[in-house]
Amino acid sequence: MTLRLTDTRTGEKRPFEPIEPGVVRMYVCGPTVYDDAHIGHAMSAIVFDVLRRYLEYLGYRVIHAQNFTDVDDKIIQRAATLGIEPRELAERLIEDWLRDTARLNIKPATIYPRATQEIDTIIEMIEGLIDAGHAYAVKGGDVFFRVDSFPGYGKLSHRSLDEMMAGARIDVDPRKENPMDFALWKGAKPGEPAWDSPWGPGRPGWHIECSAMIYRHLGDQIDIHGGGADLIFPHHENEIAQSEGFTDREPLARFWVHNGLLQLGGEKMSKSLGNLITIRELLEKGDGEAFRFLVLSSHYRSPLTFSDEAMESARRGLARLQSAVRDFDPATAPETAPDHPLARLADETRTEFRAAMDDDLNTPVALSHLFELSRAINRERDAGAPADAVAYAQSVLKELAGVLGLTLETAPQRDETIEPFVDLLLEVRAELRKQRLWDLADRIRIRLGELGIRVEDTAQGSTWRRE
């Protein structure tokens, strides 16, 4: 059996082979930290968590880099609205992301590079692109990539420059040689974060940040580059042009893997539509594992529709798997299969599971095999099958579910009765703060924190959430 993955660049499902035997270098685009991450971000993170888990299950050592874009127009604008520094906003949201993804049972990346920590490499790459004729500086301190200099531009999105221009909303800038040329460096504006450069104070463009992080931490070429399908153009297309133009080596990534997008009731999630569901809201309902199950129920390259009905179906499916391991004791599971049909079925399930996952991570089919095994476990257990055969089958079910990031642990019921009491304490704390009784107000916040309640003070007042 060999893992086959669909490569967006070639449009083919091909056998996966890393550049270095036994080692996989994988880069996945992370969030731009300007607002609370939503379940669309969670969906993509889960997809690549499953890919990483399966690669590790196959015996590969995975070096997984996931970046944070911590300087960007949106971050600057959002911070100004909140009356805080962009760096403070970014740090807070990075902390939230790491905590929330951990609660979704997403394995931490090997490396978490940040755009603001890569300025020297970014400048090095821009200078190299200018020297190679791929970029040019203009008045005002901006530097643009010259798309006409890169013959392969468009090979990821499979579009020509004319098609791209016809479908793009492009800011008219008379300083550009071609309207499709994109910014590598942006000259400083008053009040914005800036770094010194050969072209004057400024900050990097969005696309060059990822190219620099890959080059510095993973090298000239990587095995897998991942992200949502909405990043194919222009972000990933521009990454290819910059990276390959700088290193003069191709391809930048042997496999480009893109997940489909998440919709709410058939409608794309959008801030302007006001239909975002944050990861925090999902977790507060105790639905983290059920949401992972929902993501796994659809092929990663397909769009996923989120709805109350879909989540209820996911909860029921998850409960069916949980019921099969409800009394599992790892200490009783033999390492080798006992001579019993249930144990043989477990081994067959492992083989069928791998075949499904080898077929471009076909998690819906992989889940169907886990359901068959769970039904057999419940049936044989109720019929009085030997304990060692049941325990062995349960251990295989837990093993394979773990490859998908499912713990199959039953979550405790949420205690709704504490909410009015916490709200009352926050009202008392607000009065103490008005009276400048800071020590008493802090005591309430600290004690709530010890009880697993995190208090956050905002311009609109104090809010709380469970850790």
- Is the backbone of Asn178 close enough, under 3.5 Å, to the side chain of Asp181 for a donor and an acceptor to pair up by distance? yes
- Do Gln394 side-chain atoms and Ala324 backbone N/O form a donor-acceptor pair below 3.5 Å? yes
- Message: Can you tell me which residue among His64, His258, His236, His235 is in a ring-ring contact (aromatic ring centres under 6.0 Å, His included) with His225?
- Response: His236
Electrostatic pair [X]:[Y] at N-O distance under 4.0 angstrom:
| X | Y | result |
| --- | --- | --- |
| Asp35 | Lys74 | no |
| Arg4 | Glu12 | no |
| Glu250 | Lys155 | yes |
| Asp220 | Arg249 | yes |
| Lys186 | Glu192 | no |
| Arg350 | Asp347 | yes |
| Glu95 | Arg454 | yes |
| Arg203 | Asp72 | no |
| Arg99 | Asp96 | yes |
| Glu56 | Arg53 | no |
| Lys13 | Asp359 | yes |

- List for me each residue that meets salt bridge (Lys or Arg N to Asp or Glu O under 4.0 Å) alongside Glu177, sequence neighbours excluded, and say none if there are none. Arg146
- Residues passing the salt bridge (Lys or Arg N to Asp or Glu O under 4.0 Å) test with Asp327, sequence neighbours excluded, are Arg381
Using distance alone, with no hydrogens and no angle criterion, decide if [X] and [Y] have a side-chain donor and acceptor under 3.5 Å apart.
| X | Y | answer |
| --- | --- | --- |
| His369 | Glu348 | no |
| Tyr34 | Asp73 | no |
| Tyr300 | Asp360 | yes |
| His38 | Thr278 | no |

What are the two closest heavy atoms between [X] and [Y], and how far apart are they?
| X | Y | answer |
| --- | --- | --- |
| Leu373 | Ala346 | CD1-CA, 3.9 Å |
| Glu237 | Ser157 | OE1-OG, 2.6 Å |
| Ile232 | Leu156 | O-CD2, 3.8 Å |

- Query: Less than 4.5 Å apart, any side-chain heavy atom of Leu51 and any of Val62?
  - Reply: no
- Please work out whether the ring planes of Phe16 and Phe255 are parallel, tilted or perpendicular, with thresholds of 30° and 60°. tilted
- Message: Over 60° means perpendicular and under 30° means parallel, so tell me whether Phe144 and Tyr136 are parallel, tilted or perpendicular.
- Response: tilted
- Query: Could you go step by step and tell me if Val47 and Leu361 meet the side chain to side chain contact (heavy atoms under 4.5 Å, CB included) rule?
  - Reply: CA-CA 9 Å; Val47 164; Leu361 294 188; 5.6 Å; no
- Item | Cation-aromatic face contact Arg315/Phe293, 6.0 Å, 45 degrees | no
- Identified side-chain contact (heavy atoms from CB on, under 4.5 Å) partner of Arg292 from the options Asp287, Asp49, Leu404: Asp49
- Arg175, CZ atom: more than 12 neighbouring heavy atoms under 6.0 Å: yes
